[in-house]
Every structure is written in structure tokens, then in C-alpha cells.
2 protein chains.
Amino acid sequence: MVNRSCIIRLSRYRNALIRLKALNFVKVFSENLADAARVTAVQVRKDFSLFGICGNRRGGYLIDELIAQTSAILGKDKVQKFIVVGIGNIGRALLNYPGFRRSEIEIVAGFDVNPAKCDKEALIPILPFEEMGDFVAQNGITFGIISVPDSAAQEVLERMLEAGIKGILNFAPICLKEPKDHVVRNLNLETELENIIYFANFAEQTERE
Amino acid sequence: MVNRSCIIRLSRYRNALIRLKALNFVKVFSENLADAARVTAVQVRKDFSLFGICGNRRGGYLIDELIAQTSAILGKDKVQKFIVVGIGNIGRALLNYPGFRRSEIEIVAGFDVNPAKCDKEALIPILPFEEMGDFVAQNGITFGIISVPDSAAQEVLERMLEAGIKGILNFAPICLKEPKDHVVRNLNLETELENIIYFANFAEQTERE
DNA sequence: CGTTTGATGTGAAATTTTTCACATAAATGG
DNA sequence: CCATTTATGTGAAAAATTTCACATCAAACG
Ligand SMILES: NC(=O)c1ccc[n+]([C@@H]2O[C@H](COP(=O)([O-])OP(=O)(O)OC[C@H]3O[C@@H](n4cnc5c(N)ncnc54)[C@H](O)[C@@H]3O)[C@@H](O)[C@H]2O)c1
Ligand SMILES: NC(=O)c1ccc[n+]([C@@H]2O[C@H](COP(=O)([O-])OP(=O)(O)OC[C@H]3O[C@@H](n4cnc5c(N)ncnc54)[C@H](O)[C@@H]3O)[C@@H](O)[C@H]2O)c1
């Protein structure tokens, strides 16, 4: 089945492919992609098999073809527009990041309740939060990022859904509910760090035994 | 088995518990935690069972006890010290975030190769990268965050490992290898967004069918 | 031009993770 | 103080995911 992990791996393969292409590689083997994505070669082939992606028996895969195929699956055939709500530390980091454009992801506007943060003339305009609904409707935005304090996250989510946004990445440390036919991914950095702390301690313990 | 997802859930439970405690709740039921962490109630109880955490039959769990037990598992009994390498957009957002301190995570210093970014006098000092090894050794640092450009990430990782760091969160869009007895978590924001794009499109497709 | 070699592709097996089903115990209430 | 209610705890079943084993095909080579 095509699940979250599978798509994460597909993104990683694609990422590696683009790097390999930049090095003028033409062919790639499942083993190579496995190394890059930190999985097994069988996993790579199984993933491809799931999407009907075929290589050349004995000859590996042609990088150009693979990039085209994975790009199509991941929706890289067109620029995907995002907005960011909450232009604080995280929000600003995202707006300032030039790397997204390379991968057909475009942050088209930021929104904030604080008028001091707003700047309609900026390269990526930062607009008052109350204008979000209209902006999303007029510009056909499908995706949003929530980087407001946790207390405001649920409210922002609801407004985004009303406005017609379908996919959301949430940085606030609270698990937002995923409504039907929508995608909400809760990314909690503290949780990620706690995970690392746990397993680093665990590794140490098993080492001692 | 205690795996990554299980610990992520445990963090989420703990997060919810702290919120409930702030609202003066004393007891909590597996159902409540399930709502907060977006899982099933059985999953919550199964997770607890794995760690030998017991509640009161019919009476749910005492919040104070649960917080104590989950905190112990997640290493919240002491402050966990982190350093951040690469004080750009992301690195600075992390240094500026006051929320970590609430959860016993302390960022004690930043490091950068660019002298213009350094500031020894800041609340959280930003030091030259070449001082990292000594600093880590002298201050007994176990954890690090990599927020340098992808081209520098592998090099930074190796230096961190040499210095004795055991657990690392990597923001660079490249899959760093996890050496034995160490924990390396590769967090790729583009990949996360691509995931959302894929599943939002998918949800749309199934909707139409 | 047949044989060997080496990588892919994929059902089946193994493993992991989640869910089910229900035994168990504590509170409630008649 | 016994019956009932209700939430926990967990072995067993189910489902999901990964790994294995090997058939398959294409290139290379003698
Ligand atoms: N900065 C970090 O490193 C970090 C780490 C972990 C988690 N987080 C989480 O990410 C989120 C953002 O963090 P941050 O450090 O950027 O916060 P921040 O306080 O720097 O910025 C939040 C921004 O949201 C705006 N805002 C508040 N309510 C709003 C609303 N209803 N609509 C629109 N805008 C609103 C504020 O004006 C502010 O500009 C928070 O939930 C935080 O807990 C951040
Ligand atoms: N900013 C974002 O929103 C965003 C989004 C996705 C991914 N990322 C990734 O996160 C990482 C950091 O992003 P950013 O926007 O903060 O980058 P940035 O360019 O703003 O900052 C990088 C910092 O690292 C420092 N640096 C470079 N080489 C170093 C070295 N060897 N040792 C120590 N410091 C070094 C630079 O001086 C700079 O201050 C990058 O890998 C980027 O691809 C960032």
C-alpha cells in the first residue's frame, strides 16, 4: 500500500536523483538510492513496483526517466502554492528560504494578526490575517503552513479550511484534527527532540549491557 | 515493541497531560489522551502497558502520576542540553524559541563558521565553529541540531560525532547516516510538504470517484 | 550465438504494529 | 454486600509493512 512512509521515501529518492543528475550521472541502481535514502535496495524496488515504475533488467534506471516519474507522482509537474500564517521565528525562516523554489514549492504570501509584521510591498507580501480568506479564494491556494502560537492554531486551522485549503503543515505543538478529505500534518519539534533524547539514552544503555 | 512512533505518541500524551494539568484536571482517561494524540484509546493503553504504566481500573489515570512516569521515560527528569550548528534562518528561530525551556530542553550555544554571526556575549552565545569540539567536551553536551546548508551537513555531523555528541536532529535536505549507538533524525521540510501535496491530491481524487 | 552474469520485479514469508475481544478490578447503588 | 457499571490491561487476531527468495530479463563475453 502507498502510505506516508512510502511517499517520504519517494521524495528522498527524487532528492538523491536530482543530486546525481547534477553530477552528470545518467543511470542509477536501486542500491544507490537505497544508500541515499537509508533503506534497503529491495525496499526501493518494491516502492517503484507499487507505482509501476520499471527499470532495465540488469541496467538499473535512467535518471531522467526516474525523475520524471517520481516528479509526476509527487505533484512536481506544476508549482504548488503555499501560504504561511504566523510570521514569527519559524514563519520568517520559511519565507526567507530560497530552497523551496527549486522543488516547485512556492510560498506566495504570509499572514499575521500583528499589523507591525505586515508588509504588502515585500517580495513575498505579508498581509493582515483577516485578508487570508479572500486571498486564498482569489489565488486558488491549496496549501498552508501554520506557525502561530499553539493557542491560535485551532482557530487558524478552521479559517484555512473555510477558505478552501486542503493540505496543512502545523508547527504549533498541538495535535490538530485532520478533517475528511484534508491533510493535516502536525510537526512538533519538541517531540522530535524528545525522540532523539530517548533513543540516544537507550543506545547508551544497551551499549553498557 | 518500543519504536519511534510509540515514543512520539508518548511525547504527545505528555504534552496533553501538561495542558490538562494547567486546567486543574486531576484525572484523565485513555479516551482523552487518544483524542489529544489522534490515536485510539486502546493504543494509549497498549503503549502504557508496554512501559508498565498502570492506571486505576474504572478510575482512569492520575495526571500527576502519569506526567511523572512519562517524564521519566522521556528523560525529562533532567535538563537536556543541545547545541545548534548553523545560525541562519532556522538556527536563529531555534535559539529565539523560549518554548523549549518549558520542556527541559536547553539550547546552550550556537556555532557558525561566519564570524559575523558570532556573539559570545549573547544570552545564548554564538561561537566560532572551530570551538565546538572543546565546548562540547567541556560542557558535556549530548545533543546537537544541524541547520547548515546541505553541502556542509556531513562535515558538521562528523565533527559532532568526534566531539562526543550522541543524538542529532538534521534540518539539511540530505539523509545523514546514523552510526551505531547514535541517533540521527533527518527532518526534511520539503519532503514533509511533498507528502502533504501528494495526499491532498489523492484525497481529492478519491473524492471525485 | 549460447552461456554467464548481474540487476530488476514480485509473490510469499516474516516481522512489526494495530486492533479486537474480553477478563479484570474498582466504584456505584440498590 | 451483592449486582451492575465502566474503564483498564493484555493475549490473540488482524492488518500493515518489510524482507526473502527467486524467476526474469538484458547485457556482456567467450
Ligand atoms: N521557533 C521555534 O524554533 C519553534 C520550535 C518549536 C515549536 N515552535 C512552534 O511554532 C510556532 C511558531 O513559533 P515561532 O517561534 O515562530 O512563534 P512567534 O511567537 O515568533 O510567532 C508567532 C506569530 O504568529 C502571529 N500570530 C498570533 N496569532 C495569530 C493569528 N491568530 N493569526 C495569524 N497570526 C497570528 C504573531 O503575531 C507572531 O508573529 C509556535 O506554535 C511554536 O510553539 C517554534
Ligand atoms: N529556512 C527554511 O525554512 C528551510 C526550509 C527547508 C530546509 N532548510 C534547510 O535547513 C538548513 C538551514 O537553512 P537556513 O535557511 O537556516 O540556512 P541559512 O543559509 O540561513 O543558514 C546557514 C548557516 O550555516 C552557516 N554555516 C555554513 N557552513 C557551516 C559550517 N560548516 N559550520 C557551521 N556553520 C556553517 C552559515 O554561515 C549560515 O549562517 C539548510 O540545509 C536548508 O536547506 C531550511
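This is a predicted model, so every value here is computed, not measured.
- The nearest whole Å value for the distance from the CZ atom in A:Phe29 to the P atom in D:dC25 is 19 Å.
- Counting non-hydrogen atoms under 4.0 angstrom, A:Cys6 reaches nothing in the nucleic acid.
- Summarising the geometry, the separation between CZ on A:Arg4 and C1' on C:dT18 is reported as 18 Å, rounded to the nearest angstrom.
- Rounded to an integer number of Å, the gap from CG of A:Asp47 to C1' of D:dT19 is 13 Å.
- A donor-acceptor pair shorter than 3.5 Å cannot be found between the side chains of B:Thr191 and A:Arg12.
- In this entry the distance linking CG of A:Asn3 with P of D:dA15 reads 17 Å, nearest Å.
- Side-chain contact of A:Arg92 with A:Asn96: a donor-acceptor pair under 3.5 Å is absent, judged by distance alone.
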Table of protein N/O atoms under 3.5 Å from nucleotides 19-23 of chain C N/O atoms:
{"residue": "C:dT19", "atom": "OP2", "partner": "B:Thr40", "partner atom": "OG1", "Å": "3.4"}

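- Taking the six-membered ring where the residue is Trp, the centroids of B:Phe82 and B:Phe100 are separated by 6.0 Å or more.
- Atom CG in B:Leu10 sits about 16 Å away from atom C1' in C:dT17, given to the nearest Å.
- Put simply, the side chain of A:Arg58 and the base of C:dA7 share no donor and acceptor less than 3.5 Å apart.
- For D:dT18, one of the phosphate oxygens OP1 or OP2 lies less than 4.0 angstrom from a side-chain nitrogen or oxygen of A:Arg9.
- Contacts of A:Ser30 with the nucleic acid, taken as non-hydrogen atoms under 4.0 Å apart, involve only primed sugar atoms and P, OP1 or OP2.
- Between the side chain of B:Asn170 and the backbone N or O of B:Ile174 there is at least one donor-acceptor pair closer than 3.5 Å.
- Although no hydrogens or angles enter the test, the distance criterion places no donor-acceptor pair under 3.5 Å between the side chain of B:Lys81 and the main chain of B:Ile141.
- Distance CZ (A:Phe48) to C1' (D:dT18): 16 Å, rounded to an integer number of Å.
- Closest-nucleotide positions on DNA chain D for A:Gly59 and B:Glu31 were compared, and the one nearer the 5' end corresponds to B:Glu31.
- Within the structure, every side-chain polar atom (N or O) of B:Tyr61 is placed at least 4.0 Å from both OP1 and OP2 of C:dA26.
- Whole-Å rounding puts the A:Ile7 CD1 to D:dT17 P distance at 12 Å.
- The pair B:Arg185-A:Glu192 meets the salt-bridge criterion, since a charged nitrogen lies less than 4.0 angstrom from a carboxylate oxygen.
- Here the side chain of A:Asp35 pairs no donor or acceptor atom with the backbone of A:Asn32 at under 3.5 angstrom.
- Taking atom NZ of B:Lys27 as the reference point, atom C1' of D:dT6 lies 12 Å away to the nearest angstrom.
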